[in-house]
Each structure stands twice: as C-alpha cells, then as structure tokens.
Amino acid sequence: MDETLAEFIKRTILKIPMTEMMTVLKAWDFLSEKQLQTVNFRQRKEPLVHDLVLLCEEKRASVHDAALLDIICEDIDLFDMEQFKSSFVKILRRALKNVTVSFRDAEENSVWIRIAWGTQYRKPNQYKPVYVVYYSQTPYVFTSCCQLKSNIPLLGQALTVASNHHKIVKMDLRSRYLDSLKAIVFKQYNQNFETHNTAMPLQERTLELDIHMDSRIIHENRIEKERVQRVTQEAFGNYPQPRLEFAQYKLETKFKSDFNGDILAERKEPLRCLIKFSSPHLLEALKALAPAGIADAPLSPLLTCIPNKGMNYFKIRDK
C-alpha cells in the first residue's frame with residue numbers, strides 16, 4: 001500500500017467520530033474481528049488511527065477497499081459540527097441578544113467555544129468569557145467557571161438541543177487540567193498514561209533495608225512492604241494518575257449516644273462538616289501515602305474511588 005492510499009485511509013478514519021468507530025469498521029468488514037481486538041480503542045484518536053492504518057498496510061488494502069470505507073462513512077449519520085454551531089448560537093441569541101460566540105475546531109472531534117455574556121442592556125463582557133469544550137456525539141461538556149450563574153441553565157439548554165442529546169451529564173468533578181478530566185470521564189486514564197517500571201519485580205521496588213538489621217525483621221518488613229505495594233496497585237493501578245488538585249467531602253450525620261438525655265443525641269438537625277484534601281497532584285499524593293508509611297493500606301474507598309466514580313465532590317449522609 002503506497003503512501004497516498006495510506007494517507008487517504010488515515011484521513012477517512014479521522015472523520016469518523018470515536019463513538020461510531022467500531023460500528024463503521026465492522027460495517028467495512030475489511031479488518032477481522034481478531035485484528036480489531038488487538039487495537040486499543042480507549043486511546044487518543046491520533047494513535048488509534050495510526051494503529052488502524054498499520055493494520056490496513058499489513059493486510060495490503062487496495063483502492064477499492066479505501067473507496068468502500070469512504071462510501072460507508074458517507075452513508076452513516078455522522079455528526080454535523082456546522083449544524084451544531086449554528087443551532088447553538090441561535091438558541092443563545094434567541095434568549096439573549098447581547099452575547100458573542102466564537103468556535104475553534106480541535107482534535108478528537110471536539111470544538112472549543114468561547115462565550116462572552118452580556119445582559120439585555122449591556123454589551124458582552126469580553127474580559128470574563130466562559131470557555132466550553134464539547135466532544136461530538138457524547139453527553140459530556142467541559143466548562144470553565146461562569147461568572148453569571150443565571151446563564152448556566154441557558155448554556156445547558158443550548159448544548160443539549162444543539163447536540164441532539166436528551167440531557168448533558170452534570171458531574172461533580174473539577175480540575176484545571178483538561179486532559180485529566182477527559183481521561184477520567186472517558187475512562188482513558190489507565191490506557192493513555194505511560195506506566196513506570198511495570199516489568200520490575202516487587203522485591204526490587206521495596207525500600208533498601210539496613211544491612212545490620214536482624215534477618216527476621218528484614219523478612220517481616222519485606223513481606224509488609226510487598227503487601228502494601230500490592231494493595232496500592234490494586235487500588236490505583238500501576239500507572240500515573242490523572243491530575244486533580246482537591247477532593248471535597250460534605251458529611252451529614254446524626255450524633256449517636258448510649259446515654260439518655262444527651263443534648264447532641266436529641267438534636268434533630270444533622271451535624272455537618274466539610275473535609276477537603278488538596279495537593280498539586282492529589283491522586284499521586286494519595287497513592288504514595290501507604291508506601292511511605294503515613295497511612296495504613298488499603299486506603300478508604302472514599303479516597304481511592306475518585307477516578308472510577310468520576311467525581312471529587314462527595315456528599316455523605318447516614319443511611
């Protein structure tokens with residue numbers, strides 16, 4: 001397969017939304033099921049397309065095969081980004097005349113949206129815009145902080161209608177790092193991030209021990225360190241974590257006491273408290289607690305479940 005044909009197949013596959021990728025490839029029926037199983041469909045689109053093109057080269061795809069793929073892509077109902085943009089702007093301006101909207105197409109079938117809000121009597125404030133990143137054919141949107149809270153429902157309505165979704169998912173998840181948010185939301189954090197020392201045995205990763213220490217203590221320490229390492233890997237995996245700066249827990253509980261007449265026990269309103277963990281790289285910091293001897297292993301599920309649950313805001317109430 002020459003470079004021109006490979007480039008055509010690459011560009012054709014790039015047009016396919018990630019959510020439709022497997023459907024289109026199966027309809028094409030050029031790559032076998034066994035070949036498709038060797039591809040990591042959770043990785044970013046560019047390396048995914050690269051892997052697919054390599055498979056096409058190995059199978060010596062012809063011009064006819066590439067043309068058939070192009071026909072299938074034209075035949076399916078692909079997301080119309082231009083229609084999305086037009087509909088989004090119309091919905092906003094129908095409700096609010098003084099608003100400016102700008103778009104920039106990005107990789108992975110996404111679009112960056114810059115919105116400068118005004119009011120019925122004031123022009124849009126260009127110094128305090130809201131940034132939105134939308135990934136086509138998904139119910140997920142990433143937004144920056146909106147100064148005018150009253151405009152959030154309008155923004156949600158415009159996104160929902162323009163994207164043809166019944167609703168846009170609201171998640172209790174915040175971070176300054178878009179790549180980490182994407183990795184958590186799309187469950188790519190255990191695929192995209194490179195692993196470190198995965199081939200190194202646990203024994204080699206344990207901390208060095210004093211050579212003058214009793215051999216029995218050395219043995220006990222090594223067993224415990226291996227247990228902590230194993231439990232930590234089971235909870236966090238053996239790969240770098242998505243980058244979050246904090247996790248917040250709101251606790252509502254009733255005071256329980258065996259003594260009659262206790263003032264707090266008779267209180268009808270629940271006791272409320274707020275606990276916040278913060279770090280430049282929270283998940284990596286939590287992952288290091290037990291191996292460093294600062295906390296027991298395993299850590300509480302409330303700390304280890306953050307990536308899987310896709311949230312770093314928690315509300316905990318008595319059952």
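The number of heavy atoms from other shown groups lying within 6.0 Å of CZ (Arg114) is above 12. Heavy-atom contacts from other residues, nucleotides or ligands closer than 6.0 Å to NZ of Lys45 number more than 12. Heavy atoms from other residues, nucleotides or ligands lying under 6.0 Å from NZ of Lys123 number 12 at most.
In this structure, Leu271 and Leu251 have side chains that are not in contact, with every pair of non-hydrogen atoms separated by 4.5 Å or more. You'll find the side chain of Leu282 stays beyond 4.5 Å of the side chain of Asn312, heavy atoms only. Residues Val228 and Lys225 are not in side-chain contact: their nearest non-hydrogen atoms beyond the backbone lie 4.5 Å or more apart. Counting heavy atoms from C-beta on, the side chains of Leu96 and Gln120 come closer than 4.5 Å. Arg227 has its side chain out of reach of Ile223: every pair of non-hydrogen atoms, C-beta onward, lies at least 4.5 Å apart. Here the side chains of His281 and Lys287 are not in contact, with every heavy-atom distance at 4.5 Å or above. Counting heavy atoms from C-beta outward, Val39 and Leu52 have side chains that approach closer than 4.5 Å.
Put simply, the side chain of Gln241 gets close to the backbone of Phe236: a donor and an acceptor are under 3.5 Å apart. No donor-acceptor pair under 3.5 Å is formed between the side chain of Thr12 and the backbone N or O of Asp70. Not one N or O on the side chain of Ser86 forms a donor-acceptor pair closer than 3.5 Å with the backbone of Glu82. Proximity of a side-chain donor or acceptor of Arg243 to a complementary backbone N or O of Pro280 within less than 3.5 Å is detected. The closest donor-acceptor contact from the side chain of Ser87 to the backbone of Gln83 lies at 3.5 Å or more, if one exists at all. Put simply, the side chain of Asp172 never gets that close to the backbone of Phe314: no donor and acceptor are under 3.5 Å apart. Between the side chain of Asn98 and the backbone N or O of Pro124 there is no donor-acceptor pair closer than 3.5 Å. At distances below 3.5 Å, not a single donor-acceptor pair connects side-chain atoms of Lys250 with backbone N or O atoms of Arg272.
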Step by step, would you call Val141 with Leu155 a side-chain contact (heavy atoms from CB on, under 4.5 Å)?
CA-CA 11 Å; Val141 178; Leu155 174 60; over 6 Å; no
Dump the intermediate steps for side-chain contact (heavy atoms from CB on, under 4.5 Å) on Lys85 and Asp105, then the final yes or no.
CA-CA 11 Å; Lys85 294 175 184 178; Asp105 294 331; 2.8 Å; yes
Before giving the answer on side-chain contact (heavy atoms from CB on, under 4.5 Å), spell out for Gln157 and Leu154 the whole-Å C-alpha distance, their side-chain angles and the decisive distance to 0.1 Å.
CA-CA 5 Å; Gln157 179 186 7; Leu154 174 59; 4.2 Å; yes
Going through the checks in order, is the side-chain contact (heavy atoms from CB on, under 4.5 Å) test met by Val132 and Ile115?
CA-CA 8 Å; Val132 178; Ile115 307 168; 4.2 Å; yes
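Listed by chain and number, the residues in a salt bridge (charged side-chain N to carboxylate O under 4.0 Å, His left out) with Arg317 are Glu252 (sequence neighbours excluded). With sequence neighbours excluded, no residue forms a side-chain hydrogen bond (donor to acceptor under 3.5 Å, both in side chains) with Tyr140.
For Phe88 and Tyr134, the ring centers are positioned 6.0 Å apart or more.
Both Ile9 and Val63 are part of a single hydrophobic cluster, where members link through side-chain heavy atoms under 4.5 Å apart. There is no path of hydrophobic side-chain contacts, each under 4.5 Å, that joins Val49 to Phe8. Tracing side-chain contacts under 4.5 Å through hydrophobic residues (I, L, V, M, F, W, Y), one reaches Leu302 starting from Leu173; they form part of the same cluster. Under the 4.5 Å side-chain heavy-atom criterion for grouping Ile, Leu, Val, Met, Phe, Trp and Tyr, Met21 is connected to Leu14 within one hydrophobic cluster. The hydrophobic clustering, which links ILVMFWY residues whose side-chain heavy atoms are closer than 4.5 Å, places Ile316 and Met171 together.
Gln43 approaches Pro47 most closely through the heavy-atom pair OE1-CB, 3.2 Å. Pairing each heavy atom of Pro307 with each of Leu283, the nearest pair is CG-CD1, 3.8 Å. Nearest heavy atoms, Ile91 versus Ala162: CD1-N, 4.2 Å. Across Phe41 and Met22, no two heavy atoms sit closer than the pair CE1-CE, 3.4 Å. Closest approach of Leu286 and Leu303 over heavy atoms only: CD1-O, 3.8 Å. The two residues Ala66 and Leu5 come nearest to each other via the heavy atoms CB-CD1, 3.6 Å.
Side chains of Ser175 and Glu245: a donor on one and an acceptor on the other come within 3.5 Å.
For the atom pair OG (Ser62) and CG (Leu68), the distance works out to 9.0 Å, reported to the nearest 0.5 Å. A distance of 14.0 Å separates CG of Asn238 from CZ of Arg230, quoted to the nearest 0.5 Å. Between the CD atom of Glu224 and the CZ atom of Arg222 there is a distance of 13.5 Å, given to the nearest 0.5 Å. Leu31 CG to Lys59 NZ: the interatomic distance, rounded to the nearest 0.5 Å, is 6.0 Å. Atom CG in Leu55 sits 10.0 Å away from atom NE2 in His50 (nearest 0.5 Å). The CG atom of Asp51 sits 12.0 Å away from the CD atom of Glu46 when rounded to the nearest 0.5 Å.
Pairs passing the ring-ring contact (aromatic ring centres under 6.0 Å, His included) check and including a residue from residues 103-130, sequence neighbours excluded, do not occur.
Between Arg11 and Glu7 a salt bridge is recorded (basic side-chain N to carboxylate O distance below 4.0 Å).
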